[in-house]
Amino acid sequence: MSDPTVIDDTNEPAPDDAQSQVLERVLEALLLASDQPLSIEQLHRLLGNELGVGKKDLRAALARLDAALAGRAAELCEVASGFRIQVRQEYAEWVSKLWQEKPPRLSRALLETLALICYRQPITRGEIEEIRGVALSPNIIRTLLERNWIREVGVKEVPGRPSLFGTTQQLLDDLGLKSLDDLPSLPEIKDPQQLEAALQRLGEQLHEIPHIADAPSEAIQTPDPDAMSPADPPPTVH
Amino acid sequence: MSDPTVIDDTNEPAPDDAQSQVLERVLEALLLASDQPLSIEQLHRLLGNELGVGKKDLRAALARLDAALAGRAAELCEVASGFRIQVRQEYAEWVSKLWQEKPPRLSRALLETLALICYRQPITRGEIEEIRGVALSPNIIRTLLERNWIREVGVKEVPGRPSLFGTTQQLLDDLGLKSLDDLPSLPEIKDPQQLEAALQRLGEQLHEIPHIADAPSEAIQTPDPDAMSPADPPPTVH
Amino acid sequence: MNDTVSPIPTATGVPKVHGQPLEKLPEDLYIPPDALEVFLDAFEGPLDLLLYLIRRQNLNILDIPVFKITQQYIQYIELMRELKLELAAEYLVMAALLAEIKSSILLPRPPPDDAVEQGDPRMELVRRLQEYERFKTAAENLEKLPRVGRDIFVAQARPEVIPQSARLPVPTLRDLLLAFRDAMERSALFKHHEISREPLSVRERMSRILTRLRQGPARFAELIDPAEGRIGVVVCFLAVLELAKSGMLDVQQDAPFAPMLLAPPVHYQEPEPESVDE
C-alpha cells in the first residue's frame, strides 16, 4: 500500500531516512517470517553486504522497529539466541482461546518432520524437505522448538549455513524413552510385522515402569490363592 | 513496552475508540498466532460474545487493521479460508534468503495432475491417466493429499468404485487465492471446427507418401511393434 | 524438407540401433549423447513426446505430418530401448497407435462421415493431443502463481508464554514411527537414500557435541561422561568421527603432542551463551 520511499514532509527527510526505513521493514519482515529468533550475526550475514549496513546499524534499526511496534499487538523481544517478534502477553489469553478451539494439530507433516529429526539428526531443514519432497511450513519447526522437542544444535558449513536440528531430553521424556536407541531400527520399521513386534516390545518396556514401582509391596506378599487362576495348583503351605 | 490502552491525545479518544482499538489489536494477535487463516465466522465465535461485537464490527476492525499495517512490512490478506497477515511482496525476496536451500520444485507430473484436478474436479485417477497418457505414480496423489491440496470427495459409481478427487481450501490459501474462479482460466482448445478440415488434409497426405518417405529408408519400417525387435530385419515399404 | 544429418561425437561412444552402430543421427534427433538420458527422462509420457516432436518443427497439432512424426517417434523409442532406459508401456502403445494411423492412411479412405462415426484414430489422437496440451499449459500457469513458502510468507508471532491448556498433545510412538516410515518410503521412490548404519545414540550424541561446542572448543575427554563406561566412549568417538567427516567439526592441534581440540569449523563465529534446555 504506502510506498516505503515516500517520506512524511514533517520529518525533514535526510537521504538516509528512506534507506533506514527500508532496513527497519526488512528486519520486520524477516522476524515475522522466521521460525526461530535471529541473532545480530545472522541478520548481518543476510543483510550486511547487500544493504551496506554494520551491526551497529542493525541494532539501531531494531530499536526503531521496537518503537514502531509500540502501538501494535506484537513486540520485539530479545532472547538467548537472538531477536523475535512475539504477541504481547496481554493478548495471550485470546490466543489460548484460539488454540483451545483449534489446537495446532500434530499434522502428518509435523510428525514426519519430528521423526526425521529423531532418526537423521543433526539435520537441516533443507534435508528434511528433500526427503519429504515438499517444502516445510515455517510453523512446523517453530512449533517443535516451542514445544522444546527439538533444538538448534549448530549450523552446517555449506552456503547459507543452515541450522542443524537435534532432539532434546524433553522429547525422550515425553515419549517415555530412556534413549533414542530404544527406537526400532530402519529395517524393523520398513517391515510392518517387525514394526508391530518392536512396538509391542517398547510398549511392554514402557508398561514395566509402573509395575516396577508397584512391585515391592505386592511381591513380598504371599500370593492370595483366590486371586490365582483355577488351573493353577494351590501352593502347599506347611 | 507501551501500554496499548494509552491513546494519543491528539486523537480525542471517544469511549468507543479505546474498545475498537482493543478489538483491532486482539484481531492482530489472533491472526499472527494462528497457523491457518481465520474466517469471520471463527473470529465471531471467538470474540463475539466476550467483546460484544458482531460480524460487521469485525469487518470494520479488520479494515482498520489493514489501514494500520499500511506502513509496515506485513499486510492483511483475504484468502479462501479467511484472513491472514503476510509479508508484503516487496520484502519477500529478503525473506526467501532466510532459507538458503530453496523449497523443492514441484515435478511436472505433479503439476499436471494438480491442474487436472483443479479444472476437471471431481476426477478419478483413471481419468487423469487417460488425459496425460501415462500411469500416475501413487506418490503424486499421496504427496498432494499429504500437502492437503486435494482430497477425496467421493467415489465414482463405476466398477471398482474409484475415488474422485477435488481441491481443498488449503490449495487456494497456499496460492493466495480467494476462490477457484481466481485461478488462471484453462486454455481453450484451438479451432475445434478446423478439426474436420485438418483430417481431410491428413488424408490427402496419402498422395505425398513418396515425398515424405525420402528420409533414410531404414526409418520407414512398417511400424508393426513385432517388427521393432532388433532380430527381425526391418521390412521396407517401398 | 530433407533431414540433414550431423556426425555424432565419437568421444562418448556410438549408440547402436538394431545392433548396428548408429553413425549418424537425423538432425532433429540430435542431442549431446550424455544429455540424452536426462532429456528422454524429461518427457511426461508419449503425448508429451509427440507434442515435443510436433512443436519443435513449429507445426500445428492439426497438421500433424503423420508419417514423419511416426518415423521420428519410433526412432526415439528405439533409442530408448537401445540405451536400456526404462520404457513405460504407454510409449509402445502409442507407437502401435501411430502405426495403425499410418496404415489406415495407406488404405482406401472410408467416406468422411464414417470416419467420424467409427472413431477415426487420427481424430482421436488430435483430440487427445489438444486436450493434453491444455493441461500442460495450465500446469505451467499454476507453477507461475505465487505460492506460500516460495513467494508468499505468512507472518507469525506467538505469545512468549504459551498457556498450558493450549499445548500440543504428545505423539504416540506408533504415530512417530509410521510417519517416519512413510517419509522414508516416499523418498525411496524419489531416489536412493543412504540408510543410516550407526546406532541412533551416535546421531543423538552428534547433536549433543555440537551444542557443547557452541560454548567453545573442547578436548575429547571433556565430551565423555565417565559414568557411561566404554560404550559411551565408543559412541562419543564415532560421533566425533562422523561430525568431522561431514565437516561439522574441526579437529585442531596447536603443537605436536598438544591435546587435540575439537571446535566448530573455523568460520563459525557465533559465540552464544545458549543451552536453554540443559
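Just so we're on the same page: letters track the sequence lines, and every chain starts at 1.
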Point-to-point distance, once rounded to the nearest 0.5 Å, from OH of C:Tyr132 to CD1 of B:Ile131: 11.5 Å
Heaviest contributor of heavy-atom pairs below 4.5 Å to chain C, chosen from B:Ser185, B:Gly176, B:Ala73, B:Ala109, is B:Ala109
Flag side-chain contact, heavy atom, 4.5 Å: B:Leu177 against C:Leu145: yes
Decide yes or no on side-chain contact (heavy atoms from CB on, under 4.5 Å) for C:Arg158 and B:Leu32, but give the supporting numbers first. CA-CA 7 Å; C:Arg158 289 181 178 178; B:Leu32 283 174; over 6 Å; no
Side chains of B:Asp35 and C:Gln156: does their closest heavy-atom pair fall under 4.5 Å? yes
Is it the backbone or the side chain of B:Ala135 that comes under 4.5 Å from a heavy atom of chain C, or both, or neither? both
Could you check which of C:Ala157, C:Pro146, C:Pro46 has the highest count of heavy-atom pairs closer than 4.5 Å to chain B? C:Ala157
Specify the closest pair of heavy atoms between C:Asn141 and B:Pro184, including all atoms of both residues, with the distance to one decimal. CB-CG, 4.0 Å
Minimum heavy-atom separation for B:Leu111 and C:Leu142, please, with both atom names. O-CD1, 4.2 Å
Just wondering, more than 12 heavy atoms not from B:Glu130 lying within 6.0 Å of its CD? no
Of the listed C:Arg128, C:Met94, C:Glu131, the one with the largest count of heavy-atom pairs under 4.5 Å with chain B is C:Glu131
Output the option from C:Val93, C:Leu47, C:Ile101 having the highest count of non-hydrogen pairs under 4.5 Å with chain B. C:Leu47
In the structure I gave you, are the side-chain heavy atoms of B:Leu98 and C:Phe153 within less than 4.5 Å of one another anywhere? no
Residue B:Glu93 excluded, over 12 heavy atoms near CD under 6.0 Å: no
Please name the pair of heavy atoms, one in C:Ala138 and one in B:Tyr119, separated by the smallest distance, quoted to 0.1 Å. CB-CE1, 3.8 Å
Do C:Asp151 and B:Gln89 touch side chain to side chain, with heavy atoms closer than 4.5 Å? yes
Could you tell me the separation between the CD1 atom of B:Ile117 and the CZ atom of C:Phe135, rounded to the nearest 0.5 Å? 11.0 Å
Is the closest side-chain heavy-atom distance between C:Arg147 and B:Leu106 below 4.5 Å? yes
Pairwise side-chain contact, C:Glu143 with B:Arg105, heavy-atom cut-off 4.5 Å (strictly under): yes
Could you tell me which portion of B:Ser107 (side chain, backbone, both or neither) has an atom closer than 4.5 angstrom to a non-hydrogen atom of chain C? neither
So for atom NZ, which belongs to B:Lys178, do other residues, nucleotides or ligands contribute more than 12 heavy atoms lying within a distance under 6.0 Å? no
C:Glu44 bridged to B:Arg132 by N-O distance under 4.0 Å: yes
Does any part of the side chain of C:Ile152, heavy atoms only, come nearer than 4.5 Å to the side chain of B:Asp174, both counted from C-beta? no
Do B:Glu146 and C:Asp182 pass the side-chain contact (heavy atoms from CB on, under 4.5 Å) test, and can you show the C-alpha distance, the side-chain angles, and the key distance before you say yes or no? CA-CA 11 Å; B:Glu146 194 266 336; C:Asp182 287 353; over 6 Å; no
